[in-house]
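A short write-up of the structure that comes next.
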Amino acid sequence: MRLATWNVNSIRARVARTVEFAVRENVDVLAMQEIKCRPDQFPYGPFEDAGYEVHAHGLNQWNGVAIASRLPVDDVQTAFDGMPGFAKGMEGPDRPLEARAIGALVDGVRVWSLYVPNGRSLNDPHYLYKLDWLAALRGHVQAELARDPHLPMALVGDFNIAPTDADNGDPAVVEGVSTHVSPREREAFHALEEAGLADVVRPLVPAGFTYWDYKRLRFPRNEGMRIDFILGSPAFADAVTGASIHREERKGEIPSDHVPVVVDTDFRADDDDDVPMIFG
DNA sequence: ATGGCTAAAAGATTTAGA
């Protein structure tokens with residue numbers, strides 16, 4: 001399975017480019033974030049023409065996530081257990097859920113396309129929402145792996161956290177002042193690793209950003225951030241054979257401000273009860 | 001212009017992004 005994640009920043013604005021990438025790069029499963037539309041507005045045609053089945057979750061022009069796959073898809077879910085909601089000026093557990101997660105069983109692999117809340121600023125309610133959301137995600141991962149330690153699972157998407165100082169090259173994003181680099185966000189990211197997930201791209205692609213702001217020549221100056229990740233359970237991580245960050249997708253006509261991140265795996269769904277192959 | 005760009009919409013400004 002070749003799995004990719006990409007914050008497309010509006011699928012309607014960039015559908016041709018998105019599908020061209022998936023086809024050209026031989027992507028089997030493409031997790032998208034910030035599709036910025038409802039399912040009834042999603043441009044399914046170009047994906048289906050290229051052999052992809054799309055499952056989209058969007059409520060309005062904000063957020064929105066999707067999974068496009070040319071492998072069999074089952075058990076689609078539009079929130080993980082315990083995922084909190086958010087609404088401006090509203091507190092507490094009754095806040096409505098946003099379209100920030102879609103999960104599916106794809107050829108035996110549990111894939112989650114995630115768009116972690118931005119946080120906005122350290123003193124904004126959205127920041128606490130971000131931390132709550134990440135804590136709930138950690139809880140979900142722990143429960144899933146407690147239930148089945150061998151579960152092949154990939155959490156992919158825009159985590160809106162630069163886990164190390166080297167992951168932030170944007171001079172406007174400052175430790176102690178900005179979201180994405182604050183200690184509590186970084187702790188929340190590491191808690192996902194403590195829960196049993198591993199960044200499966202980092203060992204193969206140690207350096208490089210996945211996002212550059214549209215403003216202030218951030219891309220030509222290479223003042224970006226590494227905030228898009230593919231986190232795998234042990235069974236998933238063991239199957240990874242390659243990884244790449246597609247910096248070239250930040251160039252050209254109307255690019256997203258994020259680029260795709262890709263992993264190759266040799267995972268087989270029936271590894272646990274492998275049947276010997278008989279030839280002839 | 002103090003976010004110097006981009007996208008979407010209950011749009012001609014506002015909200016959101018990171």
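Each chain gets a letter, A, B and so on, in the order its sequence line appears, and its residues count up from 1.
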Inset, instruction - Quickly work out the A:Glu98 CD to B:dT15 P distance and round it to whole Å. - result: 16 Å
Legend entry - P spacing across the pair B:dA8 / B:dG3, given as an integer number of angstrom: 23 Å
Cut-off 3.5 Å, no hydrogens considered: what does the side-chain donor-acceptor table look like for residues 193-200 of chain A, sequence neighbours left out?
| from | atom 1 | to | atom 2 | distance (Å) |
| --- | --- | --- | --- | --- |
| A:Glu193 | OE1 | A:His190 | ND1 | 2.8 |
| A:Asp199 | OD1 | A:Val201 | N | 3.0 |
| A:Asp199 | OD1 | A:Arg202 | N | 3.1 |

Legend entry - Sugar-phosphate only, base, or nothing, as touched by A:Phe159 at under 4.0 Å among non-hydrogen atoms: nothing
Legend entry - Side-chain hydrophobic cluster, 4.5 Å single linkage: members besides A:Leu217: none
Inset, instruction - Sticking with atom C1', work out how far B:dA9 lies from B:dG4, rounded to a whole angstrom. - result: 23 Å
Inset, instruction - Identify whether any heavy atom of A:Lys130 sits under 4.0 Å from a base atom; if not, whether one sits that close to sugar-phosphate; answer base, sugar-phosphate or nothing. - result: nothing
Inset, instruction - Would you mind classifying the nucleic acid contact of A:Asp158 as base, sugar-phosphate or nothing, using non-hydrogen atoms under 4.0 angstrom? - result: sugar-phosphate
Legend entry - Result of checking A:Val259, A:Val262, A:Val8 against A:Phe21 for side-chain contact (heavy atoms from CB on, under 4.5 Å): A:Val262
Inset, instruction - Write down the distance separating the C1' atoms in B:dT2 and B:dA7, rounded off to the nearest Å. - result: 22 Å
Inset, instruction - Give a yes or no on whether the ring-centroid distance for A:Trp112 and A:His140 is below 6.0 angstrom. - result: yes
Legend entry - N-glycosidic conformation, B:dG4 - syn within 90 degrees of 0, else anti: syn
Legend entry - Ring centres under 6.0 angstrom apart (A:Tyr115, A:Trp133): no
Inset, instruction - Write down the distance separating the P atoms in B:dA12 and B:dA1, rounded off to the nearest Å. - result: 23 Å
Legend entry - Nucleotide B:dG17, atom C1' - distance to CG of A:Asp170 in whole Å: 13 Å
Legend entry - Distance, C1' atom - from B:dT6 to B:dG11, rounded to whole angstrom: 15 Å
Inset, instruction - Using a 4.0 Å heavy-atom cut-off across all strands, classify A:Arg226 as base, sugar-phosphate, or nothing. - result: nothing
Inset, instruction - Name the orientation class of the two ring planes belonging to A:Tyr44 and A:Phe42 (parallel below 30°, tilted from 30 to 60°, perpendicular beyond 60°). - result: tilted
Inset, instruction - List the protein contact pattern of nucleotides 2-9 of chain B with one symbol per nucleotide (5' to 3'): B for base contact, S for sugar-phosphate-only contact, - for none; contact means a heavy-atom distance under 4.0 Å. - result: -BSBSSSS
Inset, instruction - Using the C1' atoms only, state how far B:dA10 lies from B:dT15, rounded to an integer number of Å. - result: 13 Å
Legend entry - Residue among A:Tyr211, A:Trp212, A:Phe209 satisfying ring pair (Phe, Tyr, Trp, His ring centres under 6.0 Å) with A:Phe219: A:Trp212
Inset, instruction - Check the distance between B:dG17's P and A:His258's NE2 and give it to me in whole angstrom. - result: 11 Å
